[in-house]
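In listed order, ligands and their atoms are each counted from 1. FYI, side chains are in, hydrogens and waters are out, and symmetry mates aren't considered; it's all heavy atoms of this structure.
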Amino acid sequence: MITYTKAIKGKKRAPGVIPLHGPEGFAGMRKAGNLTARALDMLAGHVRPGISTAELDRLAYEFACDHDAIPATIFYRGYRHSICTSINHVVCHGIPGNKILREGDIINIDLTLIHEGWHGDSSRMYAVGKISTRASRLIRITYESLARGIKAAVPGNTTGDIGAAIQQYAESQRASVVRDFVGHGLGTLFHDEPNIMHFGTPGSGPELKPGMIFTIEPMINLGRPHVKVLSDGWTAVTRDRSLSAQCEHSIGITEEGNEIFTLSPAGLFNPQEPGPQALKS
Ligand code: MF3
Ligand code: CO
Ligand code: CO
């Protein structure tokens, strides 16, 4: 157990220093990540035409309460909700409210649960009923981008190798990578070092070392990469209103490669490719 204040404040650290976590951190992340994945699995049973994003938010909050967890986004920089719900041309940080899901929408749900002091951060795409071929293709590209990023996340590579792998693949599919938001270290802190850009040059940035824990969370657009933030101060949308998708895992670098903490126990992480194989490294 951990007090709320301690959980949201975490520890302070010198800027530029990337923490290396031991077995205790990996064990904590495994539990928090698994809980987050189970919550996202639960939500899959509720995403359908007619449900509001506020209702999805309520379900996530209830799941957290029932499982000794706290959604990290509540009171985070003035944010008041348990999840972000980003529909169609919304890139990220969509705010739950009275918006009703409609047949053909694609929605990203992003959830971070704090459990025993550790942060499990993951997001995935959900299809609302039957979706267009374009939408389905974008989702497929986005998942493959994340998969390629995770493959590059091994000791001896650098953070730039992750970004380069993602960018090269996404652009080869004539899609674009959003530059304005990055992946991040996490652990007892929600956002820590290192920054993980989803674009870049091979070999640039800090070297990856066993014990590093961070997210990879590419946002991929069918149109141009540029985004703008709406007047609510949160909702980021594509400037050209093109369709956008995102998926996110929390991972840890190991001696052998990496461990994904937020794999879906139900095999539901990738809606295009359900099954237990969905994004194992
Ligand atoms: N979970 C998001 C991330 O991947 C952060 C959301 S911050 C919020 O880092 F305040 F918008 F919820
Ligand atoms: Co997230
Ligand atoms: Co994140």
Side-chain angles (χ1 to χ4, degrees), residues 7-10 29 32-41 43 53-54 56-58 60-61 63-64 69-87 90-97 99 107-115 118-126 142-143 145-146 149-150 153 159 162-163 166 177-198 212-220 227-237 244-252 260-264 269 279:
I8 57 171
K9 273 195 180 153
M29 286 302 294
N34 179 257
L35 203 56
T36 301
R38 282 165 55 200
L40 292 175
D41 283 352
L43 291 172
T53 49
L56 295 170
D57 185 63
R58 193 188 61 73
Y61 183 72
F63 183 97
I70 300 162
T73 50
I74 297 184
F75 302 131
Y76 175 75
R77 299 181 178 208
Y79 198 81
R80 312 174 62 86
H81 306 272
S82 299
I83 54 176
C84 298
T85 48
S86 303
I87 303 171
V90 178
V91 171
C92 65
H93 301 164
I95 303 174
K99 172 117 186 138
I107 177 175
N108 174 279
I109 303 180
D110 191 338
L111 171 67
T112 306
L113 289 180
I114 308 170
H115 180 65
W118 297 91
H119 291 70
D121 186 4
S122 182
S123 84
R124 49 173 104 150
M125 298 303 297
Y126 300 81
T142 305
Y143 277 77
S145 299
L146 175 60
I150 292 174
T159 58
I162 299 174
I166 292 168
V177 177
V178 171
R179 311 287 203 267
D180 307 63
F181 304 96
V182 298
H184 50 92
L186 80 173
T188 56
L189 292 177
F190 188 6
H191 293 111
D192 201 343
E193 304 284 344
N195 282 335
I196 304 294
M197 290 182 295
H198 306 111
M212 290 182 179
I213 291 178
F214 52 81
T215 71
I216 307 179
E217 46 183 301
M219 286 137 278
I220 307 293
V227 312
K228 68 175 179 199
V229 175
L230 301 185
S231 58
D232 60 25
W234 286 104
T235 312
V237 300
S244 185
Q246 179 179 25
C247 52
E248 172 179 25
H249 267 318
S250 297
I251 72 169
I260 305 175
F261 298 123
T262 42
L263 287 172
S264 161
F269 184 71
L279 264 195

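The protein non-hydrogen atom at the shortest distance from atom 11 (F) of ligand 1 is Trp234 CZ3, 3.3 Å. The shortest contact between atom 12 (F) of ligand 1 and any protein heavy atom is with Thr73 CG2, 2.9 Å. The closest protein non-hydrogen atom to atom 3 (C) of ligand 1 is Asp121 OD2, 3.4 Å. In this structure, atom 4 (O) of ligand 1 lies nearest to the protein heavy atom Glu217 OE1, 2.8 Å. Given atom 1 (N) of ligand 1, the protein heavy atom at minimum distance is Asp110 OD1, 3.0 Å. Given atom 5 (C) of ligand 1, the protein heavy atom at minimum distance is Phe190 CZ, 3.8 Å.
The CG atom of Leu186 sits 10.5 Å away from atom CD1 of Ile114, with the distance rounded to the nearest 0.5 Å. Interatomic distance, Thr85 OG1 to Tyr126 OH, rounded to the nearest 0.5 Å: 11.5 Å. Remark: His119 NE2 to Ile70 CD1 distance equals 9.0 Å, nearest 0.5 Å. Put simply, CD1 on Ile166 and CG on Leu146 are 7.0 Å apart, with the number rounded to the nearest 0.5 Å. Considering CD1 of Ile213 and CZ of Phe261, their distance stands at 4.5 Å, rounded to 0.5 Å.
Under the 30°/60° scheme for interplanar angles, the aromatic rings of Trp234 and His93 are found to stand perpendicular.
Around the Co ion (ligand 3), the protein atoms of type N, O or S found under 2.8 Å away are Asp121 OD2, His184 NE2, Glu217 OE2, Glu248 OE2, listed by chain and number.
No hydrogens or angles considered: a donor-acceptor pair under 3.5 Å links the side chains of His184 and Glu217.
Shown here are the side chain to side chain contact (heavy atoms under 4.5 Å, CB included) partners of Val90, two or more places apart in sequence or in another chain: Ser86, Thr235, Val237.
By the 4.5 Å heavy-atom criterion applied to side chains, Phe63 and Leu35 are counted as neighbours. In this structure, the side chains of Ile216 and Ile150 come closer than 4.5 Å at one or more pairs of heavy atoms.
The pair Lys228-Asp180 does not meet the salt-bridge criterion, since no charged nitrogen lies less than 4.0 angstrom from a carboxylate oxygen.
Atoms of ligand 1 lying under 4.0 Å from at least one heavy atom of Glu248, given by number and element, are 4 (O). Those atoms of ligand 1 that come under 4.0 Å of a heavy atom in Thr112, given as number and element, are 1 (N).
Remark: distances from the non-hydrogen atoms of Thr215 to ligand 1 are all 4.0 Å or more. Note on ligand 1: Arg77 sits outside its first shell, no heavy atom being nearer than 4.0 Å. Contact between His184 and ligand 1 is present, with at least one heavy atom of the residue lying under 4.0 Å from the ligand.
Checking only distances, Tyr76 never comes within under 3.5 Å of ligand 1, N or O to N or O.
Residue Tyr61 qualifies as open at atom OH: its count of foreign heavy atoms under 6.0 Å is 12 or below.
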